[in-house]
There are 2 protein chains.
Amino acid sequence: MKKQGEDILKNSALSVTASRKRILDIFLAADNALAHQDIETKCADQYDRVTIYRTLQTFLEKGIIHNIPSTDNMVRYALCNEACITTGHHHDNHVHFRCDACGKTVCLDDVNIPAVNLPRGYTMKEINMVVNGICKSCK
Amino acid sequence: MKKQGEDILKNSALSVTASRKRILDIFLAADNALAHQDIETKCADQYDRVTIYRTLQTFLEKGIIHNIPSTDNMVRYALCNEACITTGHHHDNHVHFRCDACGKTVCLDDVNIPAVNLPRGYTMKEINMVVNGICKSCK
DNA sequence: ATTAAGAATGCAACTTTGTTGCAAAAGTAT
DNA sequence: ATACTTTTGCAACAAAGTTGCATTCTTAAT
Ligand SMILES: [Mn+2]
Ligand SMILES: [Mn+2]
Ligand SMILES: [Zn+2]
Ligand SMILES: [Zn+2]
């Protein structure tokens, strides 16, 4: 096949450009969530920093990637599942895990975020859960 | 009384300085979590930016404040409860809420984070939950 | 109250991160 | 192949964060 990246772009009605394909490939090859910086390290020699910013923004809006909150000012991004890509909006209701040992952040796709009861008057739109600890590779 | 801020500093074995008192006062008066920038806006004329960075770092380490993850590269800080201050490490297992309308982030101190089952091999140390939506003031 | 030791602050210089406008280049549809 | 639209790179900038060091402030002991 070898055109998965291109397919994703076409399905999202995005024009197929070298930088977008490259950045998608980086995500497809990654086993953990990536910060802007990680991507820049991998391809700043080929593509401009600004292009990376704009590409990530575009991917976010199209439901190709989702972002993961952090307390270190390093928002990380990971590929979405099919549902987000096809519907064009996000359904990423899984837990994220940040390993204190290796520093990797991963999507726990099989772990759903449990329900939570908000006080009267609050309306929930999105929910995010990030767990810190030791991952299964580092334990 | 009027010495709550000073008491917190003393209980944490921190020397009592004007900037620390001021920053604590800002937190004590706030009804929502504050980013570095918010604090800077309120007192950059009196205290150096670097001092604010270092003070927040110190307060974090002493369990005086905790930080709240975000996807907008604006980590926010809020006062901890007694338990963190007295023990010197964090027990902030409550849910945080970010209002899409007013932009405020608040601690829902009464809403505990529900338990979550991690896959085999993962060890949990900390857990963070942030909910987005409309707060009770904006609804 | 003085003083000495240690801690915190301010400043300068710097690095990193993120934003914007615009011209050139590349992609898409005809 | 052409015209139209979108994306990219560049430059210039603004904002955010870091570090070393001299000065000032706190604290605790005299
Ligand atoms: Mn994820
Ligand atoms: Mn909180
Ligand atoms: Zn790990
Ligand atoms: Zn609100």
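Letters go in sequence order (proteins before strands), and every chain restarts at 1.
- Checked against C/dT17, C/dC11, D/dG17, the side chain of B/V50 finds its nearest nucleotide in C/dC11.
- Set against C/dT9, D/dA16, D/dT6, the side chain of B/Q37 has D/dA16 as its closest nucleotide.
- Between B/V75 and A/D72, the shortest heavy-atom distance links the atoms CG2-N, 4.3 Å.
- Between B/T51 and the phosphate of C/dG10, there is a side-chain N or O to OP1/OP2 separation shorter than 4.0 Å.
- By the 4.0 Å N-to-carboxylate-O rule, B/R76 lies too far from B/D38 to be salt-bridged with it.
- Between A/E61 atom CD and D/dT6 atom C1' there is a gap of 14 Å when expressed in whole angstrom units.
- Each of B/V16 and B/E40 has a nearest nucleotide on DNA chain D; the 5'-most of these lies closest to B/E40.
- For A/Y53, taking side-chain heavy atoms from C-beta onward, the closest of the listed nucleotides C/dT17, C/dC11, D/dT26 is C/dT17.
- Using a 4.0 Å heavy-atom distance criterion, A/Q46 is classed as a sugar-phosphate-only contact.
- OP1 or OP2 of C/dG18 has at least one side-chain nitrogen or oxygen of B/N73 nearer than 4.0 Å.
- When rounded to the nearest whole Å, the span between CD of B/Q57 and P of D/dA16 equals 18 Å.
- Along DNA chain C, the nucleotide closest to B/T17 and the one closest to A/A18 are compared, and the more 5′ of them pairs with B/T17.
- For a distance-only test at 3.5 Å, the side chain of A/R49 qualifies as a donor-acceptor partner of the base of C/dG18.
- Counting only heavy atoms from C-beta on, A/R54 has its side chain closest to D/dG9 among D/dG9, D/dG17, C/dT28.
- The closest donor-acceptor contact from the side chain of A/R98 to the backbone of A/H96 lies at 3.5 Å or more, if one exists at all.
- Here B/S19 lies in heavy-atom contact (under 4.0 Å) with sugar-phosphate atoms only.
- B/H36 and B/L56 make their closest contact through ND1-CD1, 3.9 Å (heavy atoms, listed as atom of the first residue, atom of the second, distance).
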